[in-house]
Amino acid sequence: MKKTSIETILSHDGKNAHSKGAVVPPIYQNSLFTMESWDDADKTFDDRVNNYIYTRGNNPSVRIVEDKLAEVSGGESAKLFASGMGAISASILSCIKKECHVIAIKNIYGPTNNLLESYIKPKFDIETTYVSGTNIQEFKDSIQENTTLIYLESPSSVIFNLQDIEAIVHIAKPKGIKTIIDNTWASPIFQKPLAMGVDLEIHSCSKYIGGHSDVIAGVVIGSKKDISSLFTKEFELIGAKMAPFEAWLLLRSLRTLKIRMDQHQKSALTIACFLENHPKIEKVNYPGLESFPQYELGKKQMSGYGGLMSFRLKTNDLVKVKAFFNELDLFQIGVSWGGHESLIYAPAISYLKELNKEQFEGMGISLGDMRISIGLENAQDLIDDLNQSLALI
Ligand SMILES: *Cc1c(COP(=O)(O)O)cnc(C)c1O
């Protein structure tokens with residue numbers, strides 16, 4: 001029987017997929033795989049990308065998860081990495097060469113921006129152009145003879161702006177420019193960039209794919225050809241490989257990915273509506289809200305929404321902002337997201353350390369900006385928590 005629906009792919013491995021009828025596969029906690037003979041070794045090395053030789057390359061516990069992620073995303077092949085940044089750095093390196101030009105979105109994940117700007121750019125003499133990503137003309141105007149990569153993150157970090165993925169691919173493909181997207185926010189459940197023609201889809205599996213706040217991992221999904229090239233170069237040589245136990249935890253997480261995403265989305269939408277209508281809130285950035293400026297584009301290219309959003313308190317008074325932030329009970333204070341637990345973070349905490357007052361104001365960030373990740377708690381309980389804290393300011 002063909003497994004076509006996502007829930008079935010995620011929860012089912014096929015009858016007798018694992019030995020002795022085990023419904024959960026064992027953890028292959030080993031560094032190497034032995035071979036039968038000279039000829040067997042010779043044959044095994046003919047296909048290093050697919051065979052089990054050494055765990056810095058392949059491992060069965062890791063492969064099960066890679067295959068499932070590839071299938072769910074509609075890709076031919078996937079490679080797991082030790083972290084999202086491991087996946088991002090390997091993917092970017094696979095699409096650049098000395099003195100090339102890269103186009104990226106302005107509000108990408110901070111460390112990705114640092115990687116491009118402070119590390120890759122000076123080291124390889126690369127030119128970079130940052131675009132807001134909301135206007136297709138910006139991409140057309142930025143392309144140069146030596147452009148090799150367009151790096152997307154839709155929705156982007158902090159303000160969740162979207163890019164028109166299909167339109168960008170349409171410009172990039174005929175010019176032989178590779179496209180990469182960080183698809184962590186939407187998860188492989190709600191957005192299918194590979195079907196829209198993107199070359200490499202990346203997730204930080206530390207967020208929704210892991211979902212239990214107990215794993216750091218990343219994945220790159222794409223064509224057999226691209227992943228095979230990535231495997232023998234940026235994956236095996238730089239060596240940010242996934243550990244078998246972490247992969248086993250991810251397999252556990254994948255069983256519930258669809259139902260978790262449905263729940264995150266349902267609660268997040270309820271909470272975004274509550275916040276939007278609250279007199280002490282100035283605005284809410286959440287692509288699932290009808291008031292979101294790119295709501296129509298979101299509906300066109302996503303089938304649902306994640307649980308991460310940001311909002312701005314009307315007050316800029318640091319004493320009041322801190323009171324709201326500190327008095328939340330169910331929302332814990334932390335920087336990651338995508339787990340079972342609801343979290344809050346204020347971007348100002350980080351920016352105030354790095355920037356002076358003028359720079360801070362120039363960034364368009366307010367002291368009252370908050371980022372929340374909606375977990376799997378009861379939505380009304382979370383609203384009550386926000387409400388009691390908002391009443392204090
Ligand atoms: C967390 C995150 C990453 C980095 O992933 P790690 O697993 O922490 O290395 C990349 N992109 C986005 C959008 C993230 O939120």
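Order of appearance sets the numbers: ligands from 1, and atoms from 1 within every ligand. Note: hydrogens, waters and symmetry copies are ignored here, and every other heavy atom, side chains too, is used.
- Every atom of ligand 1 with a heavy atom of Ala217 under 4.0 Å away is listed here by number and element: 7 (O).
- Contacts of Ile202 with ligand 1, taken as heavy-atom pairs under 4.0 Å, are absent altogether.
- A donor-acceptor contact closer than 3.5 angstrom is absent between the side chains of Asp317 and Thr315.
- Among all protein heavy atoms, the one lying closest to atom 4 (C) of ligand 1 is Tyr109 CE2, 3.3 Å.
- Between the side chain of Ser31 and the backbone N or O of Thr55 there is no donor-acceptor pair closer than 3.5 Å.
- Ring centroids of Phe81 and Phe235 are separated by less than 6.0 Å, placing the two rings close together.
- Among all non-hydrogen protein atoms, the one lying nearest atom 1 (C) of ligand 1 is Lys207 NZ, 1.4 Å.
- Checked by atom type and distance alone, the side chain of Ser228 never pairs as donor or acceptor with a backbone atom of Lys225 at under 3.5 Å.
- Of the candidates Val215, Asp182, Asn183, it is Asp182 that places a heavy atom closest to atom 11 (N) of ligand 1.
- Considering Lys241, Glu236, Lys79, Arg48 as possible partners of Asn58, the one that fulfils the side chain to side chain donor-acceptor pair (under 3.5 Å) test is Lys79.
- Taking every heavy atom of Ser83 and a limit of under 4.0 angstrom, the matching atoms of ligand 1 come to 7 (O), 9 (O).
- For atom 6 (P) of ligand 1, the closest non-hydrogen atom on the protein side is Gly84 N, 3.3 Å.
- Every heavy atom of Ile108 sits 4.0 Å or more from the atoms of ligand 1.
- For the pair Leu386/Ile271, a side-chain contact is recorded, criterion being any heavy-atom separation below 4.5 Å from C-beta on.
- No hydrogens or angles considered: a donor-acceptor pair under 3.5 Å links the side chains of Glu276 and Ser291.
- Looking at atom 9 (O) of ligand 1, its nearest protein heavy atom turns out to be Met85 N, 2.8 Å.
- Considering backbone and side-chain N/O of Ile216, none are found under 3.5 Å from N/O of ligand 1.
- Contacts with ligand 1 closer than 4.0 Å are made by side-chain heavy atoms of Trp337 only, the backbone lying farther away.
- Against a heavy-atom cut-off of under 4.0 Å, Ile88 is close to the following atoms of ligand 1: 10 (C).
- Here the heavy atom of the protein found nearest to atom 7 (O) of ligand 1 is Ser206 OG, 2.6 Å.
- In summary, the aromatic rings of Trp185 and Tyr208 are positioned with their centroids too far apart to meet the 6.0 Å limit.
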With a cut-off of 3.5 Å and sequence neighbours excluded, list every side-chain donor-acceptor pair involving residues 104-112.
none

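- At the top of the distance list for atom 5 (O) of ligand 1, counting protein heavy atoms only, stands Ser204 OG, 2.9 Å.
- One side chain, Ser213 or Glu341, offers a donor N or O that lies under 3.5 Å from an acceptor on the other.
- Below 3.5 Å of separation, one finds no N or O of Ser157 facing any N or O of ligand 1.
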